[in-house]
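Values below: all heavy atoms of this structure, side chains included; hydrogens, waters and symmetry mates excluded. Numbering of ligands and ligand atoms starts at 1, following listing order.
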Amino acid sequence: MKIGVLALQGDFAEHIQILEKIGVTAVEVRLPQDMADIDGLIIPGGESTTIGKLAVRFGLMEPIRQLASTRPIWGTCAGAIFLARDSRHSQPLLGVMDISIRRNAFGRQAESFETDLDVPDVVTAENSQKVHAVFIRAPLIESVGTDVKVLARLPDGRIVAARQLNLLATAFHPELTGDDRFHRYFLSM
Ligand code: GLN
């Protein structure tokens with residue numbers, strides 16, 4: 001299996017590291033031809049406006065949208081914003097996933113936080129613990145379409161992870177905790 005990681009900006013190196021740790025070939029994607037034979041794509045956290053602008057500049061928007069109809073794609077944080085059908089800001093979005101998302105929903109960098117989440121779909125027989133989730137200037141999934149399954153909520157009910165068939169969005173950063181269950185879940189998709 002070969003997974004592409006969009007490497008325009010943000011914490012793509014952390015995703016590559018965790019994929020390699022679990023024995024998966026990871027390739028950095030910067031140009032359309034880098035996606036030639038990948039089995040899935042991860043869009044990392046970072047700054048979604050920058051990722052979007054660079055994706056436009058390098059001609060990646062249409063190739064990624066096409067990939068979304070045949071392969072799994074996972075967006076973490078800024079990557080989740082990039083996948084969304086809409087956000088309240090005007091910025092280039094792929095618009096492939098039927099979620100609406102609000103950037104920086106928890107406030108400024110200083111309001112970044114960590115919490116433990118119940119994520120029944122990703123727990124395994126070997127590890128049934130809650131998922132420790134790191135939120136860094138995180139977005140919030142404000143609403144989801146009828147085809148979208150909510151995977152995780154904060155204790156107050158707000159949505160922070162969702163899946164629509166082959167598309168996965170997490171508002172937090174599983175690549176920063178050393179817990180590979182979300183990556184394994186994505187590979188199972
Ligand atoms: N605040 C960033 C944005 O709006 C996302 C932050 C992140 O990816 N950790 O794009």
Side-chain angles (χ1 to χ4, degrees), residues 3-19 26 28-30 40-58 60-61 64-65 68 72-117 119 122 131-144 148 150-154 156 158-164 167-183 185-186:
I3 300 294
V5 182
L6 192 65
L8 299 174
Q9 189 268 339
D11 74 335
F12 55 89
E14 284 76 1
H15 278 289
I16 290 172
Q17 211 170 29
I18 199 158
L19 288 169
E28 295 182 0
V29 171
R30 293 196 175 83
L41 179 71
I42 295 176
I43 304 173
E47 212 287 311
S48 57
T49 309
T50 306
I51 292 173
K53 283 183 182 161
L54 292 172
V56 169
R57 185 178 312 160
F58 294 120
L60 285 161
M61 298 297 277
I64 298 175
R65 287 185 181 123
I73 303 186
W74 173 21
T76 57
C77 203
I81 297 167
F82 194 41
L83 284 177
R85 139 170 74 70
D86 73 85
S87 94
R88 296 181 187 194
H89 296 255
S90 85
Q91 64 186 102
L93 298 178
L94 294 168
V96 291
M97 188 168 179
D98 194 10
I99 57 175
S100 115
I101 204 157
R102 182 147 60 94
R103 293 178 66 184
N104 306 327
F106 301 94
R108 305 180 64 80
Q109 194 81 20
E111 271 83 59
S112 296
F113 64 100
E114 303 187 13
T115 189
D116 290 330
L117 300 172
V119 195
V122 308
V131 171
H132 188 67
V134 179
F135 292 81
I136 304 169
R137 282 196 88 196
L140 190 64
I141 300 171
E142 293 194 300
S143 65
V144 301
V148 180
V150 172
L151 299 182
R153 294 178 185 271
L154 292 173
D156 64 11
R158 289 182 290 174
I159 303 168
V160 289
R163 173 176 176 179
Q164 178 180 9
L167 304 175
L168 177 64
T170 54
F172 48 93
H173 292 272
E175 73 282 10
L176 296 182
T177 57
D179 179 348
D180 58 25
R181 287 177 294 173
F182 255 98
H183 287 79
Y185 176 77
F186 176 64

> Are His15 and Thr76 linked by a side-chain donor-acceptor pair shorter than 3.5 Å?
Replying inline: yes
Residues at least two apart in sequence or cross-chain that pass side chain to side chain donor-acceptor pair (under 3.5 Å) with Thr170, listed by chain then number, are Trp74
Contacts of Asp116 meeting side chain to side chain donor-acceptor pair (under 3.5 Å) (sequence neighbours excluded), chain-then-number -> His132
Close residues (non-hydrogen atom under 4.0 angstrom from ligand 1) work out to Gly45, Gly46, Glu47, Ser48, Cys77, Ala78, Ile81, Arg103, Asn104, Ile136, Arg137, His173
Rounded to the nearest 0.5 angstrom, the CD-CG distance for Glu114 and Leu176 is 9.0 Å
Applying side chain to side chain donor-acceptor pair (under 3.5 Å) to Glu28 and not counting sequence neighbours gives Arg30
The test is side chain to side chain contact (heavy atoms under 4.5 Å, CB included); show your working for Phe186 and Ile3 and say whether it passes. CA-CA 10 Å; Phe186 176 64; Ile3 300 294; 4.2 Å; yes
